[in-house]
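To start, I am sharing the structure in question, which I have written as structure tokens.
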Amino acid sequence: QVQLVESGGGLVQAGDSLRLSCAASGRTFSVYAMGWFRQAPGKEREFVAAMDRSDRLTGYADSVKGRFTIYRDNAKNTVYLQMNKPRPESTAVYSCAAKRGLRYNSTSFEYNYWGRGTQVTVTS
């Protein structure tokens, strides 16, 4: 079992930067692949970014590729989402998730543990 708590959300202007953090507690953090998902009002949850357990492979949604970066610090049991040049359509509740196994996945139901999320609002 692992518990996930997100932080770092808030109000930001389009073109600025924001870093989200997801702190994990419980079972050894390094055994999980980690992902970030988001859900905007009235829309379904969608994949944003993920990385595998070994830190070697990452994946991104086309809408954020080249602007957002996922990375992890296993010593701090934390995964981050660096959001550069966010857009108004980036506004959503961002949640991190942990998946048992080596490989990440872009499908939300493959993830075993979820945080409650942090609100990100991007103004134009």
Do Tyr111 and Phe37 have ring centres separated by under 6.0 Å?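 Yes, the ring of Tyr111 comes within the 6.0 Å limit of the ring of Phe37, centre to centre.
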Out of curiosity, Arg38 CZ to Ser90 OG, how far, rounded to the nearest 0.5 Å?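 Rounded to the nearest 0.5 Å, the CZ-OG separation comes out at 5.0 Å.
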Quick one: are Leu4 and Met34 in side-chain contact, heavy atoms under 4.5 Å?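 Leu4 vs Met34: side chains touch.
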Pairs involving residues 56-93, ordered by first then second residue, that meet disulfide bond (SG atoms under 2.5 Å apart) (sequence neighbours left out):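 Residue pairs passing disulfide bond (SG atoms under 2.5 Å apart), neighbours aside: none found.
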Shortest non-hydrogen separation from Val122 to Gln13 and the atoms involved: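 Reported closest heavy-atom pair: CG1-C, 4.1 Å.
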Cluster overlap Val48 with Val12, hydrophobic side-chain contacts below 4.5 Å: yes
Taking all heavy atoms of Ala98 and all of Val2, pick out the closest pair and write down the distance. CB-CG1, 4.1 Å
Please check if Tyr113 and Val31 belong to a single hydrophobic cluster, counting links between Ile, Leu, Val, Met, Phe, Trp and Tyr side chain heavy atoms closer than 4.5 Å.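 Yes, Tyr113 and Val31 fall within the same hydrophobic cluster.
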Do Glu6 and Arg116 meet the salt-bridge criterion of a basic N to acidic O distance under 4.0 Å? no
Hey, could you give me the OH/CG distance between Tyr71 and Leu81, rounded to the nearest 0.5 Å?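 Spacing of OH (Tyr71) from CG (Leu81) equals 9.0 Å.
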Heavy-atom pair of closest approach, residues Ser95 and Gly117: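 Distance-wise, the nearest heavy atoms are OG-CA, 3.5 Å.
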Gap between atom OH of Tyr32 and atom CZ of Arg100 - 0.5 Å precision: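 Taking CZ in Arg100 and OH in Tyr32, the distance rounds to 6.0 Å.
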Is any side-chain heavy atom of Thr118 less than 4.5 Å from a side-chain heavy atom of Leu20? yes
side-chain contact (heavy atoms from CB on, under 4.5 Å), that's the test. Do Asp16 and Leu18 meet it? Break it down for me. CA-CA 7 Å; Asp16 286 347; Leu18 192 68; over 6 Å; no
Quick one: do the Arg19 and Tyr80 side chains pair a donor with an acceptor below 3.5 Å? no
Donor-acceptor side-chain pairing of Arg53 and Tyr104 below 3.5 angstrom: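 No, no side-chain donor-acceptor pair sits under 3.5 Å.
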Minimal heavy-atom distance between Thr123 and Pro88, with the atoms involved, is C-CG, 4.5 Å
Residues Trp36, Val79; criterion side-chain contact (heavy atoms from CB on, under 4.5 Å); working and verdict: CA-CA 9 Å; Trp36 284 96; Val79 63; 4.0 Å; yes
Could you tell me if the side chain of Val120 sits less than 4.5 Å from the side chain of Pro86, heavy atoms only?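 A side-chain contact is absent here, since even the closest heavy-atom pair is not under 4.5 Å.
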What closest approach, in Å, do Asn105 and Phe47 show between heavy atoms, and which atom pair accounts for it?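 Looking at all heavy atoms of both residues, the closest pair is O-CE1, 4.1 Å.
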Under 3.5 Å, is there a donor on one side chain and an acceptor on the other for Ser17 and Asn84?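 The criterion, which ignores hydrogens and geometry beyond distance, is satisfied for Asn84 and Ser17.
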For a side-chain contact (heavy atoms from CB on, under 4.5 Å) with Ser108, tell me which candidate from Arg45, Glu44, Gln39 qualifies. Arg45
To the nearest 0.5 angstrom, please state how far the CG atom of Asn77 sits from the OG atom of Ser30.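 One finds 8.0 Å between CG of Asn77 and OG of Ser30.
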Return yes if a side-chain donor-acceptor contact under 3.5 Å exists between Asn74 and Arg72, otherwise no. yes
Is there a donor-acceptor contact under 3.5 Å from the side chain of Ser63 to the main chain of Ala61? no
Once rounded to the nearest 0.5 Å, what's the spacing between atom CZ of Arg103 and atom CD of Glu110?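 The CD atom of Glu110 is 14.5 Å from CZ of Arg103, to the nearest 0.5 Å.
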Okay, side chain of Thr91, backbone of Thr121: is any donor-acceptor separation there less than 3.5 Å?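 It does not hold such a pair.
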Which atom pair, heavy atoms only, marks the closest approach of Arg67 to Lys85?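 Taking Arg67 first and Lys85 second, the nearest heavy atoms are NH1-O, 2.6 Å.
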